[in-house]
Amino acid sequence: MRPRIGILGAGQLALMLAQAGKALDVEVICAGQPGDCAEQVAEVIPVDLDDAAAVAAFAAAVDVVTIESENIHADVLQGLNLYPNARAVGIAQDRLLEKQFFHACGIGTAPFAPVDSLEDLKHALEVTGLPAILKTRRMGYDGKGQARLRSSDDVADAWAEVGRVPCILEGMVNFEEEVSLIAVRSRSGQVVFYPLIENHHREGILRTSIAPFVNEKLQHQAERYLDVLFEKLEYVGVLAVEFFVVDGALLANEMAPRVHNSGHWTIEGSGTSQFENHLRAIVGGKLGNTESRPTVMLNCIGSMPSESETSKFPELFRHDYGKEARPGRKVGHLTFPASAHAAIAEWQRRLAGLIPR
Ligand SMILES: Nc1ncnc2c1ncn2[C@@H]1O[C@H](COP(=O)(O)OP(=O)(O)O)[C@@H](O)[C@H]1O
Ligand SMILES: [Mg+2]
């Protein structure tokens, strides 16, 4: 019998998981809403992801369940045959628990303090110093739910901007680079790593990922960190950790208990994509090789360039998620072999023009 995999969510990550599923002997079904982009390749069953009974009914019809977003209420995840497990997701969806967990694993972070009130925020500044960044503990993504503080005069505005909900204040890190490590652990404990990836963000949104980020010492350090996280979380599936490189060392920023935007280049750039390896991991299969070629990924934010424009560049792979254009929204990505310097530079310029200011 082909394993039936149920994904909670039907956005672009579910879409690319479902595409990867086509090459494997698995069936992928998504829980989402009519019109979600995964509909293009998979069955999408209408499910309210806040409704524990509806999610349980969806889960009962599949063999294993996985997620495309960590922002699902932990209560809804209890009791499901879920990979990665509900505890791992619960930690990764709360920036305070996540940072505390990094410390418990011996992994450094920016200085941080919990903030539940305006008073807390004033005190937290003593821990973090300035500049600082206030982030909602939950539900943040693509730089949403964040406010930056340059001086102590900014506290009231920042607290209002994030909506006066439980937060974490972090000291702003003056990083040399932002990098991520994507790794996969199978149900039998096999672990594979992709090379470190160099990431460039603007306005809190990932714009460009370049692989590999070549630094043997940091690659080794990041892999050991992921080993610890995998062990302590009894983790199965793809795990992505974002790091800041500061003074030549790694500080963890956040982890994603799922396939990650900075790993989209693996579809063309690796022996096995992060999507395929995630599916292999959660159905109890053997993981595929992660040997990789130098590759660059550019995100299309807001709208997609036209097909007639992109077709002029034979070295480019175009991924259109089929989503409606909207400012700030990730609607697709372009992947290039890293040797295609001229085409990459030109597309970076063109895509920058699409960014709303
Ligand atoms: N403590 C920090 N110091 C410096 N830059 C930061 C810090 N926290 C976040 N950023 C910047 O904002 C981006 C988005 O923040 P992040 O915490 O990763 O949230 P999200 O969940 O939205 O990706 C980061 O990739 C980084 O560029
Ligand atoms: Mg991030």
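Just so you know, ligand 1 is whichever comes first in the structure, and atom 1 is the first atom listed for that ligand. None of the values given here were measured: they were computed from a predicted structure.
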[atom] [closest protein heavy-atom partner, distance rounded to 0.1 Å]:
atom	result
atom 8 (N) of ligand 1	K135 NZ, 2.9 Å
atom 19 (O) of ligand 1	Q146 NE2, 3.0 Å
atom 20 (P) of ligand 1	E254 OE2, 3.3 Å
atom 3 (N) of ligand 1	V173 N, 2.8 Å
atom 22 (O) of ligand 1	G143 N, 2.6 Å
atom 13 (C) of ligand 1	G204 CA, 4.2 Å

Among the N, O or S atoms of E242, which one sits nearest to the Mg ion (ligand 2)? OE1
Of all N, O or S atoms in E254, identify the one at the shortest distance from the Mg ion (ligand 2). OE2
Has G145 got any heavy atom lying under 4.0 angstrom from an atom of ligand 1? no
Honestly, for I133 the part within reach of ligand 1 (heavy atoms, under 4.0 Å) is side chain
Checking one residue: I133. Which other hydrophobic residues are in its cluster under the side-chain 4.5 Å linking rule? M172
Contact check: [X] vs ligand 1, nitrogen or oxygen atoms, below 3.5 angstrom:
X	value
M172	no
K144	no
G171	yes

Sub-4.0 Å atoms of ligand 1 with respect to non-hydrogen atoms of [X]:
X	answer
D142	20 (P), 22 (O)
R148	11 (C), 12 (O)
E242	18 (O)
F175	4 (C), 5 (N)
N253	16 (P), 17 (O), 18 (O)
E178	24 (C), 25 (O), 26 (C), 27 (O)

Donor-acceptor pair, D94 side chain versus I91 backbone, under 3.5 Å? no
Report yes or no: does E39 contribute a side-chain atom to a donor-acceptor pair with the main-chain N or O of L15 at less than 3.5 Å? no
For the residue pair I282 and R187, what are the closest heavy atoms and their distance? O-NH1, 2.9 Å
So, for Y321 and Q40, which heavy atoms are closest and what is the spacing to 0.1 Å? O-NE2, 2.8 Å
Sort and list the pairs that fulfil side-chain hydrogen bond (donor to acceptor under 3.5 Å, both in side chains) and have at least one residue in residues 45-69, not counting sequence neighbours. T66-H278
Heavy atom to atom 6 (C) of ligand 1, shortest distance: which of F244, Y141, F112 holds it? F244
Does [X] pair with [Y] as a salt bridge, N-O distance under 4.0 Å?
X	Y	answer
E119	K122	yes
E98	R137	no
K99	E170	yes

Got more than 12 heavy atoms from elsewhere within 6.0 Å of CD, Q190? yes
Residue N174 excluded, over 12 heavy atoms near CG under 6.0 Å: no
Examine D142 and say whether one of its N/O/S atoms is closer to the Mg ion (ligand 2) than 2.8 Å. no
Test side chain to side chain contact (heavy atoms under 4.5 Å, CB included) on T109 and F102; report intermediate values, then the result. CA-CA 7 Å; T109 68; F102 284 141; 3.8 Å; yes
Using the benzene-type ring in the case of Trp, are the ring centres of H103 and F112 under 6.0 Å apart? yes
